[in-house]
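Below: one structure, written as structure tokens.
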Protein chains: 2
Amino acid sequence: MIVTGHTSSGGHTDPLQGQQKAASIRDVAQAAGVSYQTVSRVINGHPNVREETRKRVETAIHALGFRRNATALALASGVTRSVTVLTSNTVLYGYAATLQGLEEAARAAGYPLGVRVVTPEDDLDRTIASAADTGGGLVVIGYDRLGAAALDRVPAHVPCAALVEAPPPGRTPDRPAVWADDREAARTATEHLLALGHENVHYVAIPASTGTRRTAAPRAEGWRQALRAAGVTPPAPSGKGWDAQAGYEAGRKLARNPDVTAILCGNDDLALGVLRALHHAGRRVPEDVSVIGFDDAPHSEFVTPSLTTVRMDFHGLGRAAFTLLRSQLDTDQQAPLPVPAEPTLVLRESSGPRAV
Amino acid sequence: MIVTGHTSSGGHTDPLQGQQKAASIRDVAQAAGVSYQTVSRVINGHPNVREETRKRVETAIHALGFRRNATALALASGVTRSVTVLTSNTVLYGYAATLQGLEEAARAAGYPLGVRVVTPEDDLDRTIASAADTGGGLVVIGYDRLGAAALDRVPAHVPCAALVEAPPPGRTPDRPAVWADDREAARTATEHLLALGHENVHYVAIPASTGTRRTAAPRAEGWRQALRAAGVTPPAPSGKGWDAQAGYEAGRKLARNPDVTAILCGNDDLALGVLRALHHAGRRVPEDVSVIGFDDAPHSEFVTPSLTTVRMDFHGLGRAAFTLLRSQLDTDQQAPLPVPAEPTLVLRESSGPRAV
DNA sequence: CTGAAAGCGCTTACAG
DNA sequence: CTGAAAGCGCTTACAG
């Protein structure tokens, strides 16, 4: 059931008409007995204002509850301090956590934050243009194909920072960007499983952010490298999506193969689906099969068996990306780039030694 | 590891200086050989423009890639088509899903969407003022104390719609708002457990959105009503937070009490924590204890045992809230209010008949 | 140290 | 049907 209430208590006209419109710079000037340019100087902290004048203006500002009109400021100065986040998703854990980090950083810096979800139906150029002509800068979450495609189309003159998958070693993205070393993390997780005695490690992949085969997704690449280094031939990865359902489907197939004793998953949602499929197939975790996820979503610690996973500092990445953008928008303010925490393997119940 | 790349390939000056600034209404006018007012008429779809003139202007618009400057539009017209969402949280499932619905609806209507997280440290009035003076309207997520407090402080003249907990029967909020019937849903869930033969149902609560004791939280209230109607004395609710950790702590205590055979939780995260605590205490679900959650988060279907829960249409609520705001911002455009789906009890493995 | 102008890119009346 | 003015609330040079 949904119900709606309304402010007006009956009539269809607002009794308190007008609602005296917000005080402008001129109102303040008049109240303080100065010209409005002087008011402008005061609110912008210009040095050349007599102390007494400044006081008078500040008093008037308080008395009238003056707040500088952001729209006029943007139009007159040609500068807009704001961020718009372009992302294909807002609810998956990695995205939501990144967004949270971005919002925190933006809020701390006094930047309004906008969110614009990109869909496959979008005309990317139009989307970017409309997001950009708000005036401020863009932060693009390029974790997936859609986000990466959007990033590629951001015009060079638009201030922009990106969150991307780890680029191939030695290659630097052509735009300011931050990333975590997923490749190394996946390698570590895979090595851990091998060290536990598993003869092979299967991988349930998240969708790749690039179309080209050459540039393999870093998590897949790290897994593959670890296997190769151990002289193991990597089996074909499975996985057709981001969520638990996709993990479940991949897991059902893997569960049928008795040779499968260790599974690395591209994220915790996939891992949850895999756990479920193994459960349905009657294969115990970790006694029969070990499962490791990626991201350390909040619930991963509380499911049974609790999930061994790679903790990612999405929050820190979000903060870093904002800082990267801000340094483009506000060249005065070159804050040091906050360094996100390294990915960490968190050992829990879902992984263990291979049963002999 | 985090690395950053930069656009400039070496020099510290941009080689392509200037980046010819965006075409203005006057540029278009000149290209089309008309005055800029005529261009204004065309882009605003005014009727009084000769067909041929319109064509000429449209051609020029395309040729120059003209996009109307949103900032100037806002300043000149005094109207801003945008929404800012005020919320205390963006990652908890109910909030994230609501936000997703809001974003979708805003995007479909061509409204930019801003997000501003409210914290306990915030000066609410300042926060609201700065969110409001972007020009557009506000959507406040009032599911919790902080959100509800923010909503209370929104000045009457600021266009605003809210998402709230179900108000007490017969009372309507004094602002346009949408809500789901959580009370009824909690009643249904509790009755279900009673019908399964449980003599009592314990409740692990989410934090209340109001400070006053009188106005009980709707989920708690529905649970209480169902018990009373069945002649059962409601036990004291537990729960000290929103997340699985809080559920775990509440669950540990409940697990020790052998009389506890059925637990309703204020959300799925709490339920996950309760399941975990019961597992640690060696109490089987649902054989020894039934657990029901609230919200139907995406992973609830995939945990083991899968979680019986109340599915909420946060998405639909978000869309409805946006529509409610839009009808205030754009009085021409009175779209019908989309009706969110009713809360539904989804039966899964975590609930079952009381063992005899 | 402070004031008078011009302008940011658009819209809304006002003229013709 | 179309053009010339004035103004939205501010800032950035320019004068004094």
Side-chain angles (χ1 to χ4, degrees), chain A residues 18 20-58 60-61 64-82 129-130 132-136 330 332, chain B residues 18 20-58 60-61 64-82 129-130 132-136 330 332:
Chain A
Q20 71 274 16
K21 49 187 300 193
S24 82
I25 209 182
R26 299 181 208 255
D27 299 323
V28 173
Q30 189 180 332
V34 297
S35 76
Y36 63 85
Q37 291 86 338
T38 300
V39 176
S40 175
R41 286 192 190 91
V42 171
I43 61 185
N44 288 297
H46 281 208
N48 291 353
V49 180
R50 206 176 6 140
E51 193 47 35
E52 192 224 309
T53 312
R54 175 186 309 282
K55 290 266 192 253
R56 209 132 42 84
V57 171
E58 280 166 351
I61 285 176
L64 301 183
F66 168 81
R67 315 197 85 244
R68 172 222 252 129
N69 180 311
T71 304
L73 169 60
L75 184 59
S77 69
V79 180
T80 314
R81 299 248 158 107
S82 70
S130 79
D133 68 23
T134 312
D330 186 350
D332 300 341
Chain B
Q20 72 272 17
K21 51 187 298 193
S24 82
I25 209 182
R26 299 181 208 254
D27 299 322
V28 173
Q30 188 180 331
V34 298
S35 77
Y36 64 84
Q37 291 86 339
T38 300
V39 177
S40 175
R41 285 190 191 93
V42 171
I43 61 184
N44 288 297
H46 281 207
N48 291 353
V49 180
R50 212 185 350 149
E51 192 49 33
E52 192 225 308
T53 311
R54 177 186 307 282
K55 290 265 192 256
R56 209 136 37 86
V57 170
E58 279 166 351
I61 285 176
L64 301 183
F66 168 80
R67 314 198 86 246
R68 174 221 251 126
N69 180 310
T71 304
L73 169 62
L75 183 59
S77 69
V79 180
T80 315
R81 299 249 159 105
S82 70
S130 78
D133 69 22
T134 312
D330 185 350
D332 302 340

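All figures in this text were calculated on a predicted structure; none of them were measured in a lab. Order of the sequence lines sets the chain letters (A, B, ...), proteins ahead of strands, with each chain counted from 1.
- Taking 4.0 angstrom as the limit, A:S40 places none of its side-chain polar atoms (N or O) nearer than this to OP1 or OP2 of D:dC10.
- Candidate nucleotides C:dG3, C:dG9, D:dA5 were compared by shortest atom distance to the side chain of A:Q37, and C:dG3 ranks first.
- Of the listed residues (A:I25, A:V39, A:N44), just one forms a side-chain contact (heavy atoms from CB on, under 4.5 Å) with A:R68, and that residue is A:N44.
- A close approach under 4.0 Å does occur between a side-chain nitrogen or oxygen of B:S35 and OP1 or OP2 of D:dG3.
- The phosphate of D:dC1 has neither OP1 nor OP2 within less than 4.0 Å of any side-chain N or O from B:R54.
- Within the structure, a side-chain polar atom (N or O) of A:T38 is placed less than 4.0 Å from OP1 or OP2 of C:dG3.
- Residue B:R41 has its side chain nearest to C:dC14 when only C:dT11, C:dC14, D:dT11 are considered.
- Atom CG in B:L75 sits roughly 11 Å away from atom P in C:dT11 (whole-Å rounding).
- Residues B:S77 and B:R56 each lie close to DNA chain D; by heavy-atom proximity, the contact nearer the 5' end of the strand is made by B:R56.
- The nearest heavy atom of DNA chain C to B:N69 and to A:V49 marks one nucleotide each, and the one closer to the 5' end goes with A:V49.
- The CZ atom of A:R26 sits 12 Å away from the P atom of C:dA5 (whole-angstrom rounding).
- If you check every strand for non-hydrogen atoms under 4.0 Å, B:T53 touches sugar and phosphate atoms only.
- Rounded to an integer number of Å, the gap from A:I43 CD1 to D:dT11 C1' is 9 Å.
- For the pair B:R54 and B:E58, the minimum side-chain heavy-atom distance is below 4.5 Å.
- Out of D:dA4, D:dT11, C:dC10, the shortest distance to the side chain of A:Y36 is found at D:dT11.
- Among the nucleotides D:dA4, D:dC10, C:dT11, the one closest to any side-chain atom of A:F66 is D:dC10.
- The nearest whole Å value for the distance from the CD1 atom in A:I25 to the P atom in C:dA5 is 16 Å.
- Checked by atom type and distance alone, the side chain of A:R56 pairs as donor or acceptor with a backbone atom of A:A32 at under 3.5 Å.
- Residue A:L73 is in sugar-phosphate contact alone, with no base atom involved, counting any heavy-atom pair closer than 4.0 Å across all strands shown.
- Spacing between atom CZ of B:R68 and atom P of C:dC8 amounts to 19 Å, rounded to whole angstrom units.
- The A:N44 side chain lies nearest to D:dT11 when the options are D:dT11, D:dT2, D:dG9.
- The main-chain N or O of B:R26 is found under 3.5 Å from a side-chain atom of B:S24 such that the two form a donor-acceptor pair.
- As a whole-Å value, the separation of A:E51 CD from C:dC1 C1' is 13 Å.
- For A:T53 (side chain) and A:V49 (main-chain N/O), no donor-acceptor pair under 3.5 Å exists by modelled atom type.
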* Tell me, with the steps shown, if B:Y36 and B:D27 meet side-chain contact (heavy atoms from CB on, under 4.5 Å). => CA-CA 8 Å; B:Y36 64 84; B:D27 299 322; over 6 Å; no
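- Look at C:dA15: its Watson-Crick or wobble partner, with both distances under 3.5 angstrom, is D:dT2.
- OP1 or OP2 of D:dT2 has at least one side-chain nitrogen or oxygen of B:R50 nearer than 4.0 Å.
- Across the protein-nucleic acid pair, B:H46 atom NE2 and D:dG3 atom P stand 15 Å apart, rounded to whole Å.
- Distance, B:Q30 CD to D:dG3 C1': 16 Å, rounded to whole Å.
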